[in-house]
Every structure is written in structure tokens, then in C-alpha cells.
Amino acid sequence: MSFSRLSYFCALSTFTASILLVTSCDSPRVTSPEAKVAFERVIPKPNATTSTGKTFLITESTTIVAASELQDVAKYLAQNLQHITGISPTLTTNVTKGAIVLSLEGGSADLGSEGYTLQIDEDQLKIVANKPAGIFYGIQTVRQIIADKNDKSSRDEWEVATGTITDHPEYPWRGSMLDVARHFFSVADVKRYIDLLSFYKINILHLHLSDDQGWRIEIKSWPNLTAIGGQSQVGGGKGGFYTQEQYKEIVAYAQSRFITIVPEIDLPGHINAALVSYPGELLPGPSIVLEATKPRPVAGRPHIGTEVGFSTLSIKKELTFKFVEDVIREIASITPGPYFHVGGDEAAVTKKADYITFINRFKEIVNANGKIMIGWEEIAQADLDSTSIAQFWHSQDHANTAAEKGAKIIFSPSTKAYLDMQYDSTSRIGLHWAAYIEVDSSYMWDPTTLVSEIERKQIMGVEAPLWTETVVTMDDIEYLVFPRLPGIAEIGWTSSAVRNWEDYKVRLANHAVLWRKMEIDFYRSPKVSWADSTRTK
Ligand code: TNX
């Protein structure tokens with residue numbers, strides 16, 4: 001029934017004084033308890049939320065109105081509404097009563113390029129932003145605040161509480177890393193991961209594309225990297241790799257979700273998969289001294305254990321830098337984002353002087369290919385400047401040194417943000433070398449106070465890495481990522497002044513019902529009173 005016909009019908013019922021009919025279509029109506037809970041469960045918490053206590057209804061006659069440059073996000077919204085409600089709104093250009101309006105007109109400058117306002121009254125739901133990214137984040141908020149259909153009702157309408165939300169992120173870098181080297185994950189899995197990240201307004205996906213156990217991206221000028229180095233994984237499974245076409249498909253999918261892909265090739269250590277693929281060209285000579293207990297590179301056979309710190313590129317080999325240049329050039333040319341991650345962690349068998357030479361050369365090569373270099377915190381030992389980014393994971397000394405040299409810092413503290421850490425000693429998968437990290441602990445920290453000497457202006461933001469030594473399936477991914485990732489996303493998006501665990505854990509509890517709908521296999525932490533008592537599984 002269209003809106004005008006509905007009003008006409010209500011007026012007529014009033015006229016006939018049918019009390020029952022009047023109450024059943026008396027619009028506007030007050031916010032239901034379900035719609036209120038949904039309106040208040042937004043994660044990351046918006047900067048400002050005002051409730052006005054009425055209801056906007058999504059019905060069969062709801063339309064989406066969007067300018068031509070917003071057609072892709074409008075279609076994305078329509079698909080999501082279809083998925084959540086079963087109602088499929090049509091896209092139009094005429095604003096009528098009851099419409100959802102997406103607009104790039106009239107947003108305030110404070111919203112920046114990722115902020116948005118969401119204004120909902122009984123007659124309209126409107127998202128305003130300066131850029132499509134802001135509209136996309138407003139849509140994520142809408143996905144979270146649509147009240148879950150009341151099972152007792154047979155109405156084909158979905159409630160949204162009325163009010164206003166004004167919102168923009170604290171940090172430009174809100175990331176997650178997926179290690180596809182220790183265990184390989186398919187393009188479909190990576191796309192699902194991208195969708196899960198975007199629900200929490202995360203805008204960076206760092207792909208750890210190579211390590212001792214596997215090389216996961218086609219390099220046309222060095223085909224054995226994938227023909228040999230891509231054919232195995234931890235435990236000896238079949239591994240895999242992305243062709244350049246598949247990588248481009250991932251990049252494009254991420255772009256459609258306003259996520260930048262950051263490729264990482266882990267140099268100069270964690271390089272066994274390349275060494276065994278090209279032993280003649282790359283394998284260092286006997287000058288590399290390995291502890292007796294460490295594994296040794298074996299030509300033709302990637303490593304299937306989980307030990308680290310036994311492989312290195314050789315500064316003396318004639319082809320080492322040709323290899324690095326070819327790899328960085330090929331990947332940079334199919335990566336639209338501005339970053340290239342060179343790894344740089346745990347290079348235990350690279351001499352310190354060689355390590356510094358390596359990182360300085362990598363920076364030149366990355367820059368020559370038009371990209372900004374990122375490396376794990378150990379790159380602080382090299383000649384960094386304000387054009388480099390160091391990723392803090394473990395050592396405050398390295399993080400401070402990098403900051404003193406002018407580098408920007410991404411915060412991935414292993415004791416808080418590592419998604420591969422077990423929740424507690426009973427967790428079915430995960431490691432615990434850094435800490436056991438329950439959902440409250442992963443939420444209760446802030447980048448501005450963790451490493452006291454680093455100034456706010458040098459902090460890019462936060463990133464939650466998922467290393468996959470023990471992670472084999474998408475269910476494993478979901479079990480470790482949920483419920484911790486939404487909290488890291490909130491640390492990146494929401495000002496610390498308005499964040500606290502007591503408030504957060506109630507919102508988080510109310511996401512369980514959303515995760516069930518999204519078929520997310522999450523860990524039911526005892527720290528949260530999950531609000532999905534009607535769950536079926
Ligand atoms: C340390 S963090 C690593 C990874 C492991 C991870 C396991 C970092 C830069 N290096 O190689 O996968 O621990 O938690």
C-alpha cells in the first residue's frame with residue numbers, strides 16, 4: 001500500500017470511528033522498545049545521537065532517492081534492505097513521503113571525507129555526507145539500527161527509531177590484517193571478510209601475502225614463487241595463491257566497500273617460500289648461521305611448521321634486489337591504494353647492518369613505484385622519515401624510535417589487538433605468546449596512552465591482525481574475530497572521551513542477533529550478557 005493510500009485509509013477509518021483500525025494504522029507512532037534498542041546499539045559509537053521517540057517505517061512502498069554518483073551505494077543499500085527485511089526498495093530520483101534519501105549536498109565541513117549525518121523522522125530517512133564514503137558509513141549505521149522484525153507481528157514493515165546521528169571517525173586508519181600465507185583463504189573467503197569489516201566501518205585490509213610457509217600472489221616474472229612456494233601451508237595442506245586477476249577482483253570488491261587493500265611481502269626475513277622456489281638465485285650461502293633447532297630452507301619444499309626467524313634474503317646475491325624490484329613493481333602496478341608493506345619483522349638471521357641497508361633500499365624501491373612504505377616496528381632501525389609508517393606490535397622502544405624519526409605509527413599491540421590470541425586457556429584455537437585476550441581487555445585501551453611518548457598527530461590509527469597459524473576455515477576466522485573486532489573498530493572510530501566498557505558491552509550484546517542473521521560463528525564470551533536468547537543454534 002502506498003503512503004498516500006495508507007493516510008487516506010487511516011483518515012477514513014478515523015471517520016468511521018473504528019477504534020481498532022485507528023490504532024493499527026495511526027502514524028506517526030512512538031518508538032517501540034525493539035526499535036529503541038536497535039537505535040542505541042550502533043558500533044562504533046557515533047559522536048552524537050539524539051532520539052526523538054517516533055518511528056520511520058520501511059515498507060513495500062519505500063523508495064531510495066540518490067544522485068547519479070551515488071547509484072552504486074544506493075544499490076548496495078537496496079540489496080542490504082532486501083536481505084534484512086525481504087523488502088526490495090526501488091531506486092528513483094523523486095523525493096516522496098516515506099523515502100530514504102542519500103545526498104552529497106549540504107554536509108558540514110566537520111564531517112570530513114568519511115563522516116555523515118543521519119536524520120530520521122516519520123516521513124523520511126536521510127543520509128548526508130561530503131563524499132560517497134560517508135554515505136556508505138551512514139548505510140552501515142542504518143543496517144545496524146533497523147529493528148529486528150517482531151516475530152509475533154505479521155506486518156510487512158520494519159521499524160527505525162527517529163532521531164539524528166552526526167558521526168565522523170577519530171582516525172583515518174581503521175584496519176585489519178589477514179594472514180593468507182600460513183593458511184590460504186579463497187577469494188570468496190576474503191570477500192566475506194571484507195563484508196564483515198565494512199559492517200564496522202573499517203577502511204583498511206592489510207593482506208599478509210607471503211611468509212616462510214607460502215607465497216600467495218602471482219608474480220609473472222618469477223613464476224616459481226607460486227608454482228612451488230604457493231603449493232603448501234602450515235601442516236602441509238594444499239595452499240594456493242591469487243592470480244593477479246583474482247587479486248584485482250579482491251581490490252575492486254574492497255573498493256566497493258570503501259576499503260583500501262594494503263599488500264605485504266614480508267622481507268627480508270620470513271622469506272623461506274621464495275628461497276625454496278628459487279634456491280639458485282636467492283638462497284644465501286653458508287654464511288647464514290642457523291641455530292641447530294631451527295628449520296633449514298629445503299629447495300623445492302615450502303616450510304610446513306610454524307617456527308619463525310630462520311630465513312633471510314642475502315645482500316650478497318646478485319639477483320636479490322632484482323627480485324625485490326620485480327615483486328614490488330608488479331604488485332604496486334595492480335594496487336590502487338597508496339601503500340606497500342615490506343614486512344621487516346623478526347629478521348633474526350639478517351645481520352643488523354644488512355637489515356638497515358635492506359630497509360633503506362626497500363623504501364627507495366617502494367617510493368620509486370609511487371607507494372608509501374609501511375613496515376613492522378623493527379624498521380625503526382633504518383633511516384625513516386615522515387614519509388614512512390611503522391606498525392607497532394610488541395616493542396615500545398622500536399615504536400618510540402620510529403616516532404622520533406618522524407614516522408607515522410599504526411597501533412597493533414599484540415597484547416590487545418592480536419585477533420589470533422586465545423580468549424582464555426580453553427579457546428579451541430589461537431596462540432597465547434602475547435596474552436590471553438578476552439573481549440573486555442581487547443576493548444579497554446587507547447593508542448594515545450599505550451606508548452606515552454608518541455604524540456597524537458603521529459598516530460595513524462589502529463589495526464587488528466589475524467595471523468593464521470591455527471586458523472584453517474572461515475568459521476575459525478569468525479570465532480577469533482567476533483566479538484573482538486567491533487571493539488577495535490570502535491577504538492579507531494570513536495573518540496576515547498565517549499567510550500567505556502559498561503556502555504559498550506550492552507551495545508555489543510545487542511549485536512548477537514545481527515551476527516546470527518549474518519551467520520557469523522562468534523565466541524560467546526562470558527563477559528557479555530548476549531541478547532539473543534531466542535537463538536536457535
Ligand atoms: C609474530 S607480529 C609475528 C607473526 C606471527 C605472530 C603470531 C609479527 C610482526 N610477527 O609472524 O604469525 O607473531 O601471533
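Start at 1 and go down the list; that is how both ligands and their atoms are numbered. For the numbers below, each heavy atom of this structure counts, side chains included, while hydrogens, waters and symmetry mates do not.
Pocket lining of ligand 1, defined as residues with a non-hydrogen atom under 4.0 Å away: R182, H270, D345, E346, W376, W393, Y418, D420, M421, L431, W433, W467, E469.
Note that R143 lies outside the cation-pi zone of F199, set by a 6.0 Å cut-off to the ring centre and a 45° limit from the axis.
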Do Y339 and W173 pass the ring-ring contact (aromatic ring centres under 6.0 Å, His included) test, and can you show the C-alpha distance, the side-chain angles, and the key distance before you say yes or no?
CA-CA 12 Å; Y339 310 104; W173 193 283; 4.9 Å; yes
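Relative orientation of the W493 and Y116 rings is tilted, given thresholds of 30° and 60° on the angle between their planes. Taking the six-membered ring where the residue is Trp, F184 and Y242 present tilted rings, their angle falling between 30° and 60°.
Between D326 and R329 a salt bridge is recorded (basic side-chain N to carboxylate O distance below 4.0 Å).
Sorted by first then second residue, the ring-ring contact (aromatic ring centres under 6.0 Å, His included) pairs that include residues 287-317, not counting sequence neighbours, are H303-F310.
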